[in-house]
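Heavy atoms only: backbone and side chains are in, while hydrogens, waters and symmetry mates are out. To find a chain, count down the sequence lines: A is the first, B the second, and so on, and within it residues start at 1.
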Amino acid sequence: MRERRTWYRDPEWRQELRRGARAALPAAPGIVAWGVVTGVAMVKSGLAVPWAILISLTVYAGSAQLASLPLIAAAQPFWIVALAGFVTNMRFFIYSASLRRWFEAYSLRRRAVLGYFTGDFTFAMFMQRVTREGEFAHRDAWFLGACGFNWLVWQVASIVGIVAATAVPTEWGLQFAGTLALLALAIPACLQWPALAGAAVAAPVAVFARGLPFGLGLLIGIIAGIAAAVLVDAFVAQRKAIQQEQPP
Amino acid sequence: VNIYLLLITLGMILATFLTRAALLLVGQRSRPSPRIEAALRFAPVCALAALIAPEIVVRSGTVDLSFANPHLVAAVAAAAFFLWKRSMVGCIVVGLLVITAFRFAAGG
């Protein structure tokens with residue numbers, strides 16, 4: 001009971017919250033660009049402004065929102081739209097499977113909140129930090145700080161896009177800022193052979209499977225990449241073992 | 001109230017929550033095997049690669065690996081800048097500058 005009331009007053013917990021937000025800061029230009037573009041797309045597809053704002057604030061899943069727009073415009077049954085959103089989001093099953101072991105010690109409610117606010121950026125950033133430092137203290141605060149900051153920036157940008165849809169020039173290609181921010185996250189992660197092999201397989205598979213519905217190509221790319229990374233990892237481990245057995 | 005859009009919103013909230021939180025909520029009760037845990041180490045880098053690759057190389061529906069593709073040139077320049085300076089903001093700025101240069105070169 002005592003713990004439940006005071007966790008957010010703990011200065012160390014708050015410090016980690018701020019650190020998480022600061023860690024997410026460099027990605028903000030990318031988030032802004034994507035948020036604005038998603039907001040514009042929602043209104044231009046015919047969604048009324050109040051509905052677009054409500055969906056942005058509650059659904060909080062950019063890729064699924066974009067995937068749902070043509071289905072809504074075509075007046076597909078609501079469960080088809082929800083199913084499409086579910087399939088588009090399936091990469092988050094892989095993300096949450098990776099996050100699970102780091103958050104299993106926290107309360108159910110805490111885990112529900114941490115899960116809901118997970119994004120592509122914050123997942124990759126968090127995994128980089130735990131890979132470096134292991135189970136650091138108050139990692140829930142760090143993750144919440146990064147995700148909360150990300151959420152706020154995304155919502156402001158998305159609502160700007162919704163309200164000013166006709167004034168925003170999407171043909172400038174500024175939404176590429178989101179891709180560039182992800183690129184900056186990917187490069188340092190590629191500096192080991194197994195990870196590089198994973199990326200080198202995931203990328204072309206995702207490109208060639210991009211025509212599949214509901215972003216399934218993305219999911220297949222991720223799974224193929226993980227399989228390739230595991231194979232190369234086993235190969236590297238085996239070669240190390242052989243070298244240790246037979247010193248030159 | 002538009003019931004259709006309300007149902008869609010609720011369904012999408014559920015889809016967001018289920019995919020992101022379900023595996024966190026089962027917690028200690030269903031740990032994946034150590035082999036799967038080890039494989040998941042590679043999930044972030046593979047997800048990033050799969051997310052960005054189509055955005056970079058696909059241009060109006062087809063794969064364009066030539067230097068006439070602004071996104072490809074921008075990504076290469078941004079990656080080179082990042083390897084040099086290790087700055088995410090710099091990486092974004094360089095990439096956007098290249099895209100903008102292409103726009104001007106194409107005549108506006």
Subject >> Crowding at CD, A:Gln128 (>12 non-hydrogen neighbours, <6.0 Å) >> reply: yes
Original post:
Does A:Phe235 CZ have over 12 foreign heavy atoms under 6.0 Å away?
Top reply: no
Any donor-acceptor pair under 3.5 Å from [X] side chain to [Y] backbone:
{"X": "A:Arg210", "Y": "B:Gly61", "value": "yes"}
{"X": "A:Arg111", "Y": "B:Leu25", "value": "yes"}
{"X": "B:Tyr4", "Y": "A:Gln76", "value": "yes"}
{"X": "B:Thr16", "Y": "A:Val59", "value": "yes"}

**OP:** Begin from the C-alpha positions of A:Trp51 and B:Asn2 and carry the test side-chain contact (heavy atoms from CB on, under 4.5 Å) through to its verdict.
**Re:** CA-CA 9 Å; A:Trp51 278 105; B:Asn2 188 329; 3.8 Å; yes
Tell me, side chain or backbone of [X] under 4.5 Å from chain A's heavy atoms, or both, or neither?
{"X": "B:Leu6", "answer": "both"}
{"X": "B:Arg86", "answer": "side chain"}
{"X": "B:Ile52", "answer": "both"}
{"X": "B:Val58", "answer": "side chain"}

**OP:** Take the angle between the ring planes of A:Tyr116 and B:Phe17 and call it parallel below 30°, perpendicular above 60°, tilted in between.
**Re:** tilted
[X] and [Y]: which non-hydrogen atoms are nearest, and at how many Å?
{"X": "A:Ile226", "Y": "B:Cys46", "value": "N-SG, 3.4 Å"}
{"X": "A:Ala112", "Y": "B:Ala21", "value": "O-CB, 4.2 Å"}
{"X": "A:Ala184", "Y": "B:Cys91", "value": "CB-SG, 4.0 Å"}

Per-residue contact mode, [X] against chain B (heavy atom under 4.5 angstrom):
{"X": "A:Ile72", "result": "both"}
{"X": "A:Ala27", "result": "both"}
{"X": "A:Ser63", "result": "neither"}
{"X": "A:Tyr95", "result": "side chain"}
{"X": "A:Leu231", "result": "neither"}

Please report the interatomic distance [atom1]([X]) to [atom2]([Y]), rounded to the nearest 0.5 Å.
{"X": "B:Met12", "Y": "A:Phe86", "atom1": "CE", "atom2": "CZ", "result": "13.0 Å"}
{"X": "A:Ile94", "Y": "B:Phe42", "atom1": "CD1", "atom2": "CZ", "result": "14.0 Å"}
{"X": "B:Ile8", "Y": "A:Leu71", "atom1": "CD1", "atom2": "CG", "result": "8.5 Å"}
{"X": "A:Ile55", "Y": "B:Thr9", "atom1": "CD1", "atom2": "OG1", "result": "4.0 Å"}

For the residue pair [X] and [Y], establish whether any side-chain heavy-atom pair is separated by less than 4.5 Å.
{"X": "B:Arg41", "Y": "A:Pro194", "answer": "no"}
{"X": "B:Leu51", "Y": "A:Arg91", "answer": "yes"}
{"X": "B:Val98", "Y": "A:Phe176", "answer": "no"}

**OP:** Mind running side-chain contact (heavy atoms from CB on, under 4.5 Å) on A:Leu47 and B:Leu5 for me, showing each step along the way?
**Re:** CA-CA 9 Å; A:Leu47 221 48; B:Leu5 286 178; 3.9 Å; yes
**OP:** Assess whether side-chain contact (heavy atoms from CB on, under 4.5 Å) is satisfied between B:Arg31 and A:Arg101, documenting all intermediate values.
**Re:** CA-CA 8 Å; B:Arg31 284 210 175 117; A:Arg101 60 177 284 211; over 6 Å; no
